Protein chains: 2
Amino acid sequence: MLNSSEKVNLSHIVSDRIKEYILEKDMREGDKLPSEKQLIDALGVSRTVVREALKSMEMLGIVKIKTGDGIYVGGPSLKPILEQVSFRWQQDERKMTELVKTRRILELGAVEMAIEHYDVACLDQMDEWNRRMAEKVDRGLPPIEEDLAFHETLFRATGNETYLELSGLISDFFLKIRTQHFDSVESSRKSVDEHQNVTDAIRAKDVARAKREMEIHLAPLQKFI
Amino acid sequence: MLNSSEKVNLSHIVSDRIKEYILEKDMREGDKLPSEKQLIDALGVSRTVVREALKSMEMLGIVKIKTGDGIYVGGPSLKPILEQVSFRWQQDERKMTELVKTRRILELGAVEMAIEHYDVACLDQMDEWNRRMAEKVDRGLPPIEEDLAFHETLFRATGNETYLELSGLISDFFLKIRTQHFDSVESSRKSVDEHQNVTDAIRAKDVARAKREMEIHLAPLQKFI
DNA sequence: TTGATTAAGTGGTCTGACCATTAGCGAAGC
DNA sequence: GCTTCGCTAATGGTCAGACCACTTAATCAA
């Protein structure tokens, strides 16, 4: 029945068995799985097979392997998948337009969700990053890391881990553009002010205004390409 | 501290090297990669390491291993990965909530971009899928594939390949949920009508109305969890 | 009590062997 | 000439055992 048609690797079978095990035991992130040795004995296969299955699951983020310690259940994460998506984006300048538009949607969505979730700590941190950004601008330096951190914190302010992962991936691609964007002190100062406007609007829980401010902030990026 | 060597195992390094190789050679789906033996000699590591790297990449769909034949570059489809990873998301309430909210943002953004891009062919195709959906509902069947296709076509209508990939990823996850959502004929019919309203609004280039209709369409999903 | 040492357990890597499957090719048959 | 069969070499699949590196915790010494 099951064993007749599908020609499957033992690794796949073992991988499925381990996944079933996680579900059956209702294990959560950080819970410890049986050791390699125990899995070998329990499943009756060679170490090779067990290891290949575990390595695969590790790449997918399903489990986390700690040398000399053991095997633990991983958290629910989009990261492994997203890494595969971006795997083919390498140095593809043509995709920039698409990425800019995608980022716009995500940033505007983040503003909306941030107001809904309203995490004061994150908002304070956004202010902090913006303060450091202004500081760096005053010293005539390009505030790349601070700008990145500001936006990442905004995504974190949504309280949505999945959204954070998704958006973070897109944002990272704009590192190169940022370098050129912050070439002049004026545009850098403008960015700082725009950030302030966005956070103010979020604090006021004014969705429409916050989105408008974010649109203004992102407008130069649209033209850039 | 950033560069403080992340202790990486050889499998990961080898995996990255192979990915680089694929990018450098600009290999496409179906192209043949060097055999295990060749990779072992070229990279100077043991067969164990190479195999673990390849097995992982196979699970991720990056490569396709054919016994007795060789190793081939895999396709860009993310579905196999999603199936591997998402098995635990369904029982993670928080993750579900995050996914639903993320999807809402993406669908609303898609509506906006679709109006901006305005691809008549795609709009016609959306109508076609909706027609088939209505047909299936009349026969008392759950129109899962048609619903999925409708939304995928909407994402395609944005003319944004990147957006299509990201959104499709999130959307696909709701397949199983759809099964339960279409349990009653009434809710299915309602979905068909809502689809129609969305496409009508897009055709009229009425962004506000189109978003409103999409909100209505997605509302039941929010409550579902 | 505290600190260093040690031992046991665990994952990381390597080696060599053998089995199973496949593609390619040449020989046999039509 | 063409097809078909069967062989062979190449390749991936699985196994066993060994040794190394790292972590943890028990042990011992100050």
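Nothing here was measured: the structure is a model prediction, and the numbers come from that model. Just so we're on the same page: letters track the sequence lines, and every chain starts at 1.
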Can you identify which nucleotide, out of [options], has its nearest atom closest to the [X] side chain?
X      : options                   : result
V49(B) : dG11(C), dC14(C), dG12(D) : dC14(C)
L10(B) : dG12(C), dT14(D), dT13(C) : dT13(C)
I65(A) : dG11(C), dT14(D), dG12(D) : dG11(C)

Write down the distance between [atom1] ([X]) and [atom2] ([N]), rounded to a whole number of angstrom.
X      : N       : atom1 : atom2 : answer
I71(A) : dT23(D) : CD1   : C1'   : 14 Å
L39(A) : dC15(D) : CG    : P     : 14 Å
Q38(A) : dT10(C) : CD    : P     : 6 Å
L54(B) : dT13(C) : CG    : P     : 14 Å
K64(A) : dT10(C) : NZ    : C1'   : 17 Å
K37(B) : dG13(D) : NZ    : P     : 17 Å
E52(B) : dG13(D) : CD    : P     : 13 Å
D41(B) : dT11(D) : CG    : P     : 11 Å

Problem set entry | F87(B) six-ring centre to K19(A) NZ/CZ under 6.0 Å and within 45° of normal | yes

Check: [Y] main-chain N/O paired with [X] side-chain donor or acceptor under 3.5 Å:
X       : Y       : result
Y163(B) : K101(A) : no
N130(B) : V192(B) : yes
D41(A)  : Q38(A)  : no
D69(A)  : K66(A)  : no
N9(B)   : S11(B)  : no

Problem set entry | side chain to side chain contact (heavy atoms under 4.5 Å, CB included) assessment of T153(B) paired with E128(B) | CA-CA 10 Å; T153(B) 310; E128(B) 171 64 14; over 6 Å; no

Problem set entry | Axial bend angle, the helix from dT1(C)-dA30(D) to dC30(C)-dG1(D): five-pair end segments, nearest 10° | 0°

Is there any protein nitrogen or oxygen under 3.5 Å from a nitrogen or oxygen in nucleotides 16-20 of chain C, and what are the pairs?
unit_1, atom_1, unit_2, atom_2, d
dA17(C), N6, R47(B), NH1, 3.0

For this session: Given salt bridge (Lys or Arg N to Asp or Glu O under 4.0 Å), test R139(A) with E135(A) step by step and report yes or no.
Result: CA-CA 7 Å; R139(A) 289 187 300 174; E135(A) 229 176 74; 5.4 Å; no

For this session: Could you tell me whether T48(A) contacts a base, only the sugar-phosphate backbone, or nothing, with contacts defined as non-hydrogen atoms closer than 4.0 Å?
Result: base

Problem set entry | Geometric class of the H151(B)/H217(B) ring pair [parallel <30°, tilted 30-60°, perpendicular >60°] | parallel

Exercise. Does OP1 or OP2 of dG11(C) have a side-chain N or O of R51(A) closer than 4.0 Å?
Worked result: no

